[in-house]
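Here is the structure we will look at.
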Amino acid sequence: MDRLKLATVWLGGCSGCHMSFLDLDEFLLELAARVELVYSPLVDTKEYPEGVDVCLIEGAVANTDHLELLERIRQRTRVLVSFGDCAVTGNVTALRNVLGPRNAEQVLQRAYLECAQDNPTLPRAEGIVPPLLPQVLPVHQVVPVEHYLPGCPPPADRIRAVLVALLEGHAPALEGPQLKFG
Ligand code: SF4
């Protein structure tokens, strides 16, 4: 039987959701036998491939690179899972939105000019440093998403419950303490 083609993606997030994925511990061995990890920060693949079955998306959509990648991912993937609170709601990544319409400019100025001890410079390099979007968006506001996996980060047993459901070919149904933000 063909193994399920799994991808994981890291957009505007802290990587904590991927750290929690690694907390799957010995289930990772079972997973390795049942999936082919075709794209991820955990493997060295440069291009998002065609024909992906499931993609876990960590992080909110915060810059133009995220937008472009997410559109490609949607075209090439059967099932998208918003992986963690930043992907589901914007969460920490979207805190800058409360600053209003000039939020991107304000956070860059604060981080790279006002707080710089040395060489205060805004990071600008066309084709290398992607511009920030005017508002940080949760994934489902950019492309349709099939499933949500909340938590900051989602604990490993919740990630496992979602993956097992998808491997068995049915929709994950989180409930009770498994359906929790933060
Ligand atoms: Fe990090 Fe939490 Fe966002 Fe995951 S949901 S990327 S752990 S801040």
Side-chain angles (χ1 to χ4, degrees), residues 6-28 31 35 37-45 48 52 54-74 77 79-100 103-104 106-108 110-112 115 123 129-166 171-182:
L6 176 69
T8 77
V9 177
W10 178 11
L11 301 182
C14 73
S15 189
C17 294
H18 273 83
M19 293 300 108
S20 203
F21 182 89
L22 294 178
D23 280 344
L24 287 167
D25 295 337
E26 70 275 13
F27 180 69
L28 288 171
L31 198 58
V35 307
L37 190 59
V38 292
Y39 184 90
S40 171
L42 308 170
V43 298
D44 188 22
T45 311
Y48 192 88
V52 177
V54 175
C55 181
L56 305 182
I57 303 171
E58 173 190 317
V61 185
N63 67 37
T64 54
D65 275 6
H66 297 159
L67 264 187
E68 196 183 306
L69 177 59
L70 193 51
E71 275 157 17
R72 194 174 319 133
I73 288 170
R74 181 66 280 183
T77 314
V79 174
L80 297 191
V81 181
S82 261
F83 178 32
D85 288 352
C86 291
V88 177
T89 68
N91 193 36
V92 178
T93 313
L95 285 176
R96 71 172 161 94
N97 291 354
V98 301
L99 296 174
N103 70 74
Q106 284 174 279
V107 293
L108 289 174
R110 180 72 183 148
Y112 290 96
C115 293
V129 181
L132 295 180
L133 298 177
Q135 291 277 300
V136 176
L137 301 167
V139 171
H140 66 274
Q141 284 191 3
V142 178
V143 295
V145 163
E146 277 70 33
H147 303 293
Y148 296 89
L149 175 43
C152 181
D157 63 337
R158 195 177 303 165
I159 300 171
R160 178 177 172 153
V162 167
L163 288 173
V164 167
L166 293 171
L174 297 176
E175 55 187 27
Q178 291 289 53
L179 191 53
K180 184 172 176 297
F181 291 87

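First listed ligand is number 1; within each ligand, the first listed atom is number 1.
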Is there a side-chain contact between Asn91 and Phe181 in this structure, where contact means two heavy atoms from C-beta onward sitting under 4.5 Å apart?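 No, every pair of side-chain atoms sits at 4.5 Å or beyond.
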Has Cys152 got an N/O/S atom less than 2.8 Å from atom 2 (Fe) of ligand 1?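 It does: Cys152 brings an N, O or S atom closer than 2.8 Å to atom 2 (Fe) of ligand 1.
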Cys86 near atom 4 (Fe) of ligand 1 via N/O/S, less than 2.8 Å: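 Short answer: no, not a single N, O or S atom is under the cut-off.
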Element-labelled atoms of ligand 1 that are located less than 4.0 Å from some non-hydrogen atom of [X]:
| X | value |
| --- | --- |
| Glu58 | 6 (S) |
| Asp85 | 5 (S) |
| Pro153 | 7 (S) |
| Gly13 | 6 (S) |
| Cys14 | 1 (Fe), 6 (S), 7 (S), 8 (S) |

Between [X] and [Y] (side chain of the first, backbone of the second, donor and acceptor by atom type, cut-off under 3.5 Å), is there such a pair?
| X | Y | result |
| --- | --- | --- |
| Arg158 | Pro177 | yes |
| Asn63 | Leu133 | no |
| Thr93 | Gly12 | yes |
| Asn97 | Gln135 | no |

With a heavy-atom distance limit of 4.0 Å, tell me whether Thr93 approaches ligand 1 through its side chain, its backbone, both, or neither.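 Neither; nothing of Thr93 gets under 4.0 Å from ligand 1.
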Against ligand 1, does Gly151 come closer than 4.0 Å with any heavy atom?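 Flag set, Gly151 near ligand 1.
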To check your reading of the model: name the closest protein heavy atom to atom 4 (Fe) of ligand 1, its residue, and the distance in Å.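 The closest heavy atom on the protein side is Cys17 SG, 2.3 Å.
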Indicate the atoms forming the closest heavy-atom contact of Glu58 with Cys14, along with that distance.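 In terms of heavy atoms, the two residues are closest at OE2-N, 3.5 Å.
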Scan side-chain atoms only and decide if His140 and Ser82 contain a donor-acceptor pair under the 3.5 Å cut-off.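 Side-chain D/A pair, His140 to Ser82: absent.
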